[in-house]
Every structure is written in structure tokens, then in C-alpha cells.
Amino acid sequence: MPSDSFRPFETGLDRDSALSILREAVSGADDGELFLERRRSEVLVLDDGRIRTASYDTSEGFGLRAVAGETTGYAHSTEISEKSLRRAAETARLAVAGGGGTLADAPQPTNRRLYTDNDPLEEAGFPAKIETLREIDAFARDLDRRVVQVTATIAASLQEVEILRPEGTHLRDVRPMVRVNVSVIVEENGRRESGSHGAGGRLPLSGFIAPEHWQEAAREALRIALVNLRAEPAPAGTMDVVLGAGWPGILLHEAVGHGLEGDFNRKKSSAFAGLLGQRVAAPGVTVLDDGTIPDRRGSISFDDEGTPSGRNVLIEDGILVGYMQDRQNARLMGVAPTGNGRRESFAHAPMPRMTNTYMLGGQARPEDVIAEAKDGIYAVGFGGGQVDITNGKFVFSCTEAYRVENGRIGAPIKGATLIGDGPSALKKVRAIGNDMKLDPGIGNCGKAGQWVPVGVGQPTLLIGGLTVGGSAA
């Protein structure tokens, strides 16, 4: 840990005074907390042989929340002082109005640590990181004469969190995050295509800037670019779609995961609202959200309200069995919180958010799953997408995909988009592979203007009858 670790109750704020102010703010409320945070982050980007970005940012502050029924009062400040805390308490207190609430029970304590608390920003000096980026650039160009541009990124951050609750619970968490990414552009006969690969997690940076890691990332980025260089226009129509294992779980995350967050279901704005205990997916489909996996990008020892993260089953053998909950929505829905109350920073109130969301594997071999697809595509890489939470309709673009005919993988295709809706797609699952894996640690999730790191995963999966958008004549 760094010698100047974030200790607000030792450097500028009296803990007993802060607790007294917090208790005044939530008197007559149902819930509330004081969330304090310091975040430091560094991003270095080498693009086409030149340093394009070299940023180092730091921020710190607190957010104070008072919750009464469905109403939340929230105030935050970048100044951690008793004076600022009192002003914030007065503002948050407005949500409590006449009071009358009963303070919710405190979260269960945990001593679990899911990741290191070493500072990844201090593992290597600035010159060493810049030299690593230059080595990545040179290595990728040497791999193939068709490489005309390389973009390499090293990113690291450390989030230090303290939570003080009105019953006196005091929690501290140190959350590292790293990511290394390589993108290449190749050119042949006037045609250019790109490929990208990266990985990260709540791990030491040293493992990601080691040559054996970034060399593999560069090779994979090049492989994808060369695949796209010979890709044909994608077909269009309704056809079988085989999704590869790992990162394609982003489709599950967006099209299904958001619809299983507690606030959307309490407000009945989700396509899954009111369907607990009912079949929402094909037999064999089991979906979990699990924030307890060590070192993963979406994992948290406890959430941003102090509830320990959990391994929460959402869909079991096709039956909807649960939603992801923060404390407020759980109380209003009469269920237990699940450790999914997350926020982007001290400037944001928590809400139900995913951690690592994935589908369990089945019994089929991946090659047998592909063999069942008579006419369709095999999609193993995804870029951007759009989802409507109210009905689960989605549109996703493929970054690496192949034609499948009579159960055999054929030529690569480009320009493919997958169109459908989450609830219907789950019911069309025809085969589930035994190769479930998680993504390499690259996911971010946006909701209501807030971004948090997440993980996704799934096995090889056959979905029958999805709409594929393409440009083939």
C-alpha cells in the first residue's frame, strides 16, 4: 500500500463528529451512509509511434445520502471537512421531510478480500511504461509487413473507499484496476481493417506489462485484423447464431442483465417485471451475477453501500429466480439486498448495478454446438450495441464473425449486426457448450450517466432464429 494512503478520519475529519452529523441527517429516514473516496488514475496511449495521451488524474471527496421511502437526498463535496459535511447533511436531510421511517438493519460484516491492495500506479515508473508502449509498437509492426498503424494503451487506477453508516459500521476498501490494450490496422491492396485485444482486472500491473502478455495481445489483435482483411459482406436475414465463449457474454449483459436489475423491476419498466418463478429462458439456461470472483474487473469485496458482494443466481434452468438489488430497492420490494449497490464515484448515489454477469456452461462440446447450426453465423467478437430496457430489444455489431453452413465454419464476414430481444433470445437457446469462460477483463457498463467496471461471460451458445443485418447482395 502507498505510504500516503487515504485515511480521511485520521487527516482532516473527526470520526465521532462525522457520525453524529450523519445520524442527524438520517434521523427519521430508512437508510443512509457517508461514502468517502479518493481515486488516482493514469492513462498512457501511444498512437502511430507518438504519445497521444499521458494523463494522471486524482480526485477525492464524499457523498452523504439520506433515504426515505422512494426518495433519496444526496449531497457531495470535494472538500472533506466538518463544515462541508454539515452543509451536505442539511441538503440530504430535505428528503426525509417529516421523518417517520425506521432505519434499516446494517449490512452483515465481512473480512473478505478479493484483490490485492497494492498500488498499480507505483509499480513502474513513467519512463518504463513509455518504453513498454514503444516496444509494443515495434513488435506489432514486425509481426507483419501489412501493419500500418498501432495503438497501445496502459491504464491503471486505485480507488480507496471508506463507508461510515449511521449505526457506527466503518468499512474500508482499496480497489486496484489495470488494463493493457493493443489495436492494429492492416492494409493490403488498398483495403484497411483493424483488430484489437486487451485484458485487465484488479491485479498487479506487472503481469500485464510483461512481454509475454503484451506480445500475445499484439498477436491476437493482428489475427483479428487479418481475419477482417479477407472477410466477405455479411448475409442478412433470420438465421441461427452461434455465440463464442467469453466476451460475447456482453450481449447477455446488455440484453438481459440490465432487465434483471431491481430498480427497473420495482418500477415495472423491465421486460422481466413480475415474472419471478416463471420460465423466461430455455431449459439449461442459468444466469448468475457474481461479484465474489477474485481479481476480476467487476468484483467488489463489498458494494458501495457496505453490503458484501454475492454470487446471485438470477435465472436457474430457465426460471427467473431473482433480481440484483441495492438496499433501497430491496427494502421497497421486501427482499434482501444482494450486494449490487454501486456508484461511479462519491459524486453519485448508488443504484442496482451488475458486477460479473455470466451464463453457466452446459454439456455439449463447442464443436457440437456449431454443428447444430445449419445456416447462420458464428460471432466471437462484439463492438458497440444498443438496448431498450423496457422490451429487451438489442442491436449489436460484430467485430469478428464467420459464416456457418451445414454445421461448418466458413469464410469470415464483416458488417454483421445481431438484432433481437433478450427475453425471446433466451427462449431460443438450442445448445449450450461446456466451455464457459469469462471475458479478458475489458468491460465497462453505463447506466443513468454512471460508468462502472464489469465482467461478462458465457459458453459457446446456439440461438435459433435471430435477425442478422448484413450487406451481402
Side-chain angles (χ1 to χ4, degrees), residues 193 195 197 219-220 223-256 281-287 315 317-318 357-383 385 394-422 424-440 456-472:
E193 296 292 346
H197 186 74
R219 291 189 185 97
E220 179 64 7
R223 183 195 66 79
I224 296 170
L226 294 179
V227 165
N228 288 326
L229 197 60
R230 58 187 177 87
E232 304 170 353
T238 300
M239 59 190 72
D240 291 344
V241 173
V242 179
L243 301 177
W247 176 243
I250 188 64
L251 191 150
L252 176 77
H253 165 102
E254 294 287 1
V256 177
V285 173
T286 296
V287 178
I315 298 172
D317 197 21
T357 309
Y358 57 94
M359 182 187 298
L360 294 184
Q363 302 299 318
R365 298 182 304 168
E367 56 267 35
D368 293 335
V369 175
I370 296 170
E372 283 198 36
K374 302 308 177 187
D375 178 46
I377 69 170
Y378 174 45
V380 296
F382 284 93
F394 60 80
V395 178
F396 276 91
S397 59
C398 300
T399 56
E400 183 184 358
Y402 302 83
R403 193 74 166 93
V404 176
E405 295 179 287
N406 296 318
R408 295 179 179 273
I409 297 175
I413 56 176
K414 64 172 296 184
T417 58
L418 301 186
I419 305 167
D421 69 88
S424 296
L426 284 181
K427 293 179 180 178
K428 295 177 180 178
V429 172
R430 296 211 316 256
I432 304 173
N434 60 8
D435 58 340
M436 198 290 288
K437 70 175 182 179
L438 297 172
D439 76 283
V456 301
Q458 67 173 45
T460 301
L461 196 67
L462 171 60
I463 302 176
L466 278 185
T467 299
V468 177
S471 57

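In this text, all values refer to a predicted model and were calculated from it rather than measured experimentally.
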Inset, instruction - Could you give me the CA-CA distance, side-chain angles and deciding distance for I419 and L466, then say whether side chain to side chain contact (heavy atoms under 4.5 Å, CB included) is met? - result: CA-CA 7 Å; I419 305 167; L466 278 185; over 6 Å; no

Beyond-backbone contact of [X] with [Y], side-chain heavy atoms, under 4.5 angstrom:
{"X": "P412", "Y": "E400", "value": "no"}
{"X": "M436", "Y": "Y358", "value": "yes"}
{"X": "L418", "Y": "I377", "value": "yes"}

Inset, instruction - For the pair L229 and L226, evaluate side chain to side chain contact (heavy atoms under 4.5 Å, CB included) and give the outcome as yes or no after the intermediate values. - result: CA-CA 5 Å; L229 197 60; L226 294 179; 4.2 Å; yes

Inset, instruction - Taking N228 for its side chain and G195 for its backbone only, find out whether a donor-acceptor pair lies under 3.5 Å. - result: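 No: the side chain of N228 does not pair with the backbone of G195.
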
Inset, instruction - Using modelled atom types only, decide if a donor and an acceptor are shared between the side chain of D317 and the backbone of G284 within a distance under 3.5 Å. - result: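 Flag set: sc D317 to bb G284 pair under 3.5 Å.
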
Measure across [X] and [Y] and return the closest heavy-atom pair with its distance rounded to 0.1 Å.
{"X": "A234", "Y": "G415", "answer": "CB-C, 4.0 Å"}
{"X": "M359", "Y": "L426", "answer": "CE-CD2, 4.3 Å"}
{"X": "T460", "Y": "P366", "answer": "OG1-CB, 3.9 Å"}
{"X": "P459", "Y": "L360", "answer": "CG-O, 3.6 Å"}
{"X": "V468", "Y": "A416", "answer": "CG1-CB, 4.5 Å"}
{"X": "L252", "Y": "G457", "answer": "CD2-O, 4.2 Å"}

Not counting sequence neighbours, which residues clear side-chain contact (heavy atoms from CB on, under 4.5 Å) with [X]? List them please.
{"X": "V429", "result": "A282, V285, I432, L461, I463"}
{"X": "A225", "result": "V184, V186"}
{"X": "P248", "result": "L243, F382, Q458"}

Inset, instruction - Sorted by first residue and then second, give each salt bridge (charged side-chain N to carboxylate O under 4.0 Å, His left out) pair with at least one member in residues 424-433; sequence neighbours left out. - result: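 Sorted pair list: D240-R430.
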
Legend entry - Within residues 369-379 or reaching into it, pairs that qualify as salt bridge (charged side-chain N to carboxylate O under 4.0 Å, His left out) - sequence neighbours excluded: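 Applying salt bridge (charged side-chain N to carboxylate O under 4.0 Å, His left out) to every pair that reaches into residues 369-379, excluding sequence neighbours, yields D375-R403.
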
Legend entry - Interatomic distance, F394 atom CZ to T467 atom OG1 [nearest 0.5 angstrom]: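 It is 9.0 Å, given to the nearest 0.5 Å.
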
Legend entry - Verdict with supporting geometry, V242 and I409, side chain to side chain contact (heavy atoms under 4.5 Å, CB included): CA-CA 10 Å; V242 179; I409 297 175; over 6 Å; no

Inset, instruction - Begin from the C-alpha positions of I250 and D439 and carry the test side chain to side chain contact (heavy atoms under 4.5 Å, CB included) through to its verdict. - result: CA-CA 9 Å; I250 188 64; D439 76 283; over 6 Å; no

Inset, instruction - Please list, chain by chain and in numerical order, all residues satisfying salt bridge (charged side-chain N to carboxylate O under 4.0 Å, His left out) with R408, sequence neighbours excluded. - result: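 Here no residue qualifies.
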
